[in-house]
Structure formats: C-alpha cells, structure tokens
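Read through the structure below, which is laid out as structure tokens, and then see the notes.
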Amino acid sequence: MTTLHDLMIRTPGLPCRLDPDAWFSTDATERHGAARQCHACPLLLACQQHALAAGEQHGVWGGVDFEARAAGCGTDRGYRTHTRRQEQPCPLCQAAHDEAVEAERRRLLAVAHAAGGTVRGYLMHRRMGEEACVPCKRAQGRKSAERRRAARAAAGAPVTELGDRRAAEPAPGVPVAAQPASRAA
C-alpha cells in the first residue's frame, strides 16, 4: 500500500514540500493561500483522504483548511457539516446534536402541554422513553377512537359509541333478562 508520504517523495516540486510553513500557519489568510495552491496538485484527493482518515484538525490538507473545519466541531452545526460531508460525526458534534434534539423535543412537549395535551405530545413522551402524561394519553386515546370509528365506517359496520355498543350487546354467559337496562343517551 502506497502512503501519502511515499507519493509526496515521488512527486517533485510540491509547494507544500518546498515551503510547508503556510500550510500550518496560525494565520487564516496564509492557510487560505496554501489551500488555493493545493488545487493544482496531482495528490489533492490522496492528501484529503489521508487527512480525513487520520482525523487531522490542523493545517491544510488537499486544499481543505482543517483548522477552520475543526473550529465548528462541538456544535449542532458541526454535526450537520459532518453528515453533509458523509462523515462519521465526531463525539463532540454528536453530543451537541443529541443535546439540541433533546431541547427541541422538550420545547415541543411544552407546547403540547400548554394546549392541554396532544397526540404529538404523547409521541414526544414515547420518543424520549418516558411515560406519557395523562392529558397526552387522553389525546392519543381520542385519536385512536376516531381512527377505529373511521375504519368501522369504511368497512360498512355500524358506528356506535363504546357505551352504546356495550349496552346493546348482551354480556357473554349472562341471560338477557339479568342484563342491566339500556342506558339512554
């Protein structure tokens, strides 16, 4: 396997080999100039791949300023940058993203609670791995009942309220005479 170092030795006249100071400068303008010089380099992709595989966070590699790139790490924006580049997010960015997701879920849950409990609130409780509060459970129950009624109506079955259906149907194993009188609605 040929390493980047081997390729650099075999390729004469690389600007990064002639004057490497600009590639590792603390001045962003100098690093930007070095990155522009990389774009004509025949080792551009090999250099980028090496830096990504090695997890470089300093200097210019393959036309990419890894110093500036690493500055965004540890944030939700850094996480999105990693995913846009189809990279595995670093642990700092992953933690920042998880924190941002949790904060957004808590915000949505607060909105659901302010509305007196919602199906979305029920789902947020579940997604966060916690027991849903009573108002959110009730909202989910109402939504489930609506879906069942709609499914029965679509199937052509009579649509009745649960209490009416229980009153209309005899209890199994109990004589009809012993059944309580039907509740009037």
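Hydrogens, waters and symmetry mates are skipped; everything else that's a heavy atom, side chains included, is used.
In this structure, the separation between OG1 on Thr29 and NE2 on His32 is 8.5 Å, given to the nearest 0.5 Å. His58 contributes atom NE2, which lies 13.5 Å from atom OG of Ser25 (distance to the nearest 0.5 angstrom). Taking CG of Leu108 as the reference point, atom CE of Met128 lies at 9.0 Å (rounded to 0.5 Å). One distance of note links CD of Glu102 with CZ of Arg105; it measures 7.0 Å at 0.5 Å rounding. How far CE of Met8 is from SG of Cys41: 7.5 Å, rounded to the nearest 0.5 Å.
Of all heavy-atom pairs spanning Leu44 and Cys38, the tightest one is CD1-O, 3.5 Å. The two atoms that bring Pro42 and Leu14 nearest to each other are CD-CD2, 4.4 Å, heavy atoms only. The heavy-atom pair separating Cys47 from Gly62 by the smallest distance is SG-N, 3.1 Å. Scanning all heavy atoms of the two residues, the minimum distance from Trp61 to Gln48 falls at O-CG, 3.9 Å. Minimum interatomic distance between Ala112 and Thr118 (heavy atoms only, all atoms of both residues): CB-OG1, 3.1 Å. The heavy-atom pair separating Ala35 from Gly63 by the smallest distance is CB-O, 3.6 Å.
Legend: residues meeting side chain to side chain donor-acceptor pair (under 3.5 Å) with Arg107, ordered by chain and number and at least two apart, are Glu104.
Within the 4.5 Å cutoff, no side-chain heavy atoms of Arg127 are placed close to those of Leu123. Arg31 is not listed as a side-chain neighbour of Trp23, based on a closest heavy-atom distance of 4.5 Å or more.
Between Arg80 and Asp76 there is a salt bridge, since a side-chain N of the basic residue sits under 4.0 Å from a carboxylate O of the acidic one. Under 4.0 Å is where a charged nitrogen must lie from a carboxylate oxygen, and between Glu146 and Arg142 no such pair does.
No single ILVMFWY cluster, assembled from side-chain heavy atoms under 4.5 Å apart, contains both Leu109 and Val111.
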Inset, instruction - Applying salt bridge (Lys or Arg N to Asp or Glu O under 4.0 Å), run through Arg106 and Glu130 and close with a yes or a no. - result: CA-CA 12 Å; Arg106 292 283 170 204; Glu130 60 190 35; 3.2 Å; yes
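Sorted by first then second residue, the ring pair (Phe, Tyr, Trp, His ring centres under 6.0 Å) pairs that include residues 90-119, not counting sequence neighbours, are Tyr79-His97, His113-His125.
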